[in-house]
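Inspection log for the structure reproduced underneath, given as structure tokens.
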Amino acid sequence: MPGDSNLKTRELVLLWAALVVLVSMLSACVPAGTPTPRGGGGGSDCSHENNDGDNVYCEEPPTSDSGSASVDGTIQTFVIKAGTEDFSFGQGSTTTKCWTVNISGGSVSWSRNENSNECKDPSHNELYYEKPQPTKPPAQPTNTPPPPTATPEQPTATPQSPTDSPTNTPAVSPTATKTSSQPTATLTHTAQFTPTRTNTSLPPTDTVTPLPRPPEVVITTPIPAICEEWIIFHTFRDGDLEVYRLDGLEGSPDAVLYNLTQSEAVDSRPSRSPNHQWIVYQSNRDGNVELYYTDSVGSFQARLTDTNANNINAMIGPDNRSVLFQSDRNGNWDIFVIDLQTGQERQLTTNASDDVNPYWSPGIEWITFQSNRSGSWNIYLLNIQTGNEYQVTGLPGDAIAPAWSPTGQELSYLYQVDGIWQLFITETNGENTVQISHGDGDTANASWSPEGYRIAYQSSRAGNLDVYSYDLRTDQEYRLSDYAGPDSAPTWNCGGALISFTSNRDGDQNIFQVPWQGGGQSNITIDPATDKWSEWSPAKEPGSQGQ
């Protein structure tokens, strides 16, 4: 009958509409730009249930001007969608142009900063948070060169930056715990002296024909790194060398400790990704020294390299997935890169000499490293896209420990002047070289500030090892410590206001902090076991590598 036909048609239309609404509601659960978890099946599960152990927990908070939400477990990332950009933040309080977000454990609260039309626009109005689950280890490399016929000894060929740091002997943690009071010894410093920062006349190049000098290096600026104020350090508090993370000041009520490496082997030399999601480190837990990785709370351990050789000195690149390192699998030290997500590996240098201490530029196209292919250690550049290599220094003595400035325009390195290791800075083409440190003691462990206009280092002048900083804009040097003992291995916090360093002024080694121009020095760690070699924000610098 016609009436029955019309009724069936209306039912079909209503059913179709209901399906459209249901699909729309489900798709709204994943805002545009939602990160795809590695190993998560190419999507996100916007629920509080973990269906397969590999999905992302996420939820869209209400679109009100302010509010709060909570989730079981700890929120790892909060994302604000603003137009075509995603801004990701971790624990703590963060302010953008339109939003203030505070994340504490499993709770998040948000509020608008402005009432402008731009901030009210729906395209700037999408917020969600996610909790990444432990990812599956990447597939092992398929293009690994065959292992050498004899297993090399533990790495000894890598030149170490000169230090007078104390011998690092494992200390067993006693049961007694130190009080949480923080030493507040005050040291107010103005500039110690103002060196004349002029072009330095270095010795001429040796007779070995150098590679071409570098062309103008153009850096593709990456997305600015997220600022998360937690620190990584090495410790013997478990009886073996581990890498720990500390949020806050140890002994304070809100301090949280994470054992990132969790093994009974020697775990060291961490590199944290610019987005603070991954930590790559080296370990001898399987016999030889290999690279491993974990997330920022150490919830899993995964092996990254798998050879019969030694793979060391890792640094995660600006893309948060390309890991630079050196390996002696071919009988000499060469530089490799491996993809953290796929496990695909590529050899970057093939010279018969040793190529070591690789360091990323602020962009993904370039790296710097040192090589003894000229008869002494010198500094080189490599474009990893073209494979072209360039020589920056051509010195008869050893130029070591290169590090690329966050500005992309300069390199720092160490070179001996009259038998004393001093810090130098040069442009990427090797021109306009200047000597930064002076005095009668060796300088080492240089660390660039986040914006690249300041640099910190240690120096053993007058027979005492102390920490210094230098402002390249004013050519002023600041002495940051004056303890009658070794203070070493400086590293900057991500805001650039504070510097952490290692000191044994408590009778055992701990991590301390000090304003970058000097002032009050106070504990970050207080455990009676050895805590040393901190890394506050950079992806890598010599001090946090134990060099």
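When a residue number appears, it is its place in the shown sequence, counting from 1. What's counted below: heavy atoms across the whole structure, side chains too, no hydrogens, waters or symmetry copies.
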Please confirm whether the backbone N or O of [Y] pairs with a side-chain atom of [X], one donor and one acceptor, at under 3.5 Å?
X    : Y    : result
Q301 : L260 : yes
W360 : P318 : no
S271 : K540 : no
Q326 : N357 : yes
D531 : I511 : no
S273 : W278 : yes
Q370 : V356 : no
D506 : D508 : no
T407 : G452 : no
S534 : F233 : no

Face-on cation placement of R269 at Y281 ring, 6.0 Å and 45° thresholds: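 Judged by the rule (NZ or CZ under 6.0 Å from the ring centre, within 45° of its axis), R269 is not positioned above Y281.
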Residue from Y470, Y478, Y453 passing ring-ring contact (aromatic ring centres under 6.0 Å, His included) with W516: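 It is Y478, the one option of Y470, Y478, Y453 that forms the ring-ring contact (aromatic ring centres under 6.0 Å, His included) with W516.
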Consider only side-chain N and O atoms of [X] and [Y], and report whether a donor and an acceptor are under 3.5 Å apart.
X    : Y    : answer
S412 : W448 : yes
S460 : D442 : no
T305 : E290 : yes
T491 : E535 : no
N310 : D328 : yes
Q277 : R272 : no

T525/N510 under side chain to side chain donor-acceptor pair (under 3.5 Å): CA gap, chis, key distance, verdict: CA-CA 6 Å; T525 67; N510 273 305; 2.9 Å; yes
Residue pair N259, L257: steps toward the side chain to side chain contact (heavy atoms under 4.5 Å, CB included) verdict: CA-CA 7 Å; N259 185 337; L257 270 173; over 6 Å; no
Please determine whether a side-chain nitrogen of the Lys or Arg among [X] and [Y] lies less than 4.0 Å from a carboxylate oxygen of the Asp or Glu.
X    : Y    : answer
R245 : E229 : no
D466 : R461 : no
D471 : R454 : no

Test side chain to side chain contact (heavy atoms under 4.5 Å, CB included) applied to Y457 and I455, step by step: CA-CA 7 Å; Y457 45 91; I455 194 167; 4.2 Å; yes
What are the two closest heavy atoms between [X] and [Y], and how far apart are they?
X    : Y    : answer
G397 : S376 : O-OG, 3.1 Å
I420 : D440 : CD1-O, 3.6 Å
W404 : E410 : CD1-O, 3.6 Å
A265 : D240 : O-OD2, 3.3 Å
T443 : S459 : OG1-OG, 3.7 Å
T261 : R285 : O-NH2, 3.1 Å

Residue pairs fulfilling salt bridge (Lys or Arg N to Asp or Glu O under 4.0 Å) with at least one residue in residues 311-327, sequence neighbours excluded: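 Residue pairs passing salt bridge (Lys or Arg N to Asp or Glu O under 4.0 Å), neighbours aside: R321-D339.
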Just so I know, are the side chains of [X] and [Y] near enough to count as touching, which here means a heavy-atom distance under 4.5 Å?
X    : Y    : result
V337 : I384 : no
Q282 : F325 : no
L340 : V280 : yes
I316 : Y293 : no

Rounded at 0.5 Å granularity, tell me how far [atom1] in [X] sits from [atom2] in [Y].
X    : Y    : atom1 : atom2 : answer
Q509 : S503 : CD    : OG    : 8.5 Å
I232 : W536 : CD1   : CH2   : 13.0 Å
L498 : N493 : CG    : CG    : 4.5 Å
I335 : I367 : CD1   : CD1   : 4.5 Å

Pair I425-L472, side chain to side chain contact (heavy atoms under 4.5 Å, CB included): steps then yes or no: CA-CA 10 Å; I425 291 177; L472 303 177; 3.8 Å; yes
Check: Y415 ring centre within less than 6.0 Å of W421 ring centre: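 No, the ring centres sit 6.0 Å or more apart.
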Centroid-centroid under 6.0 Å between Y468 and F501 rings: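 For Y468 and F501, the ring centres are not under 6.0 Å apart.
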Residue that, paired with Y244, satisfies side-chain hydrogen bond (donor to acceptor under 3.5 Å, both in side chains) out of D238, D267, D527: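 The side-chain hydrogen bond (donor to acceptor under 3.5 Å, both in side chains) with Y244 is passed solely by D238 among D238, D267, D527.
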Y483: which of N504, V467, L465 passes side-chain contact (heavy atoms from CB on, under 4.5 Å):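 In the set N504, V467, L465, the residue that makes a side-chain contact (heavy atoms from CB on, under 4.5 Å) with Y483 is N504.
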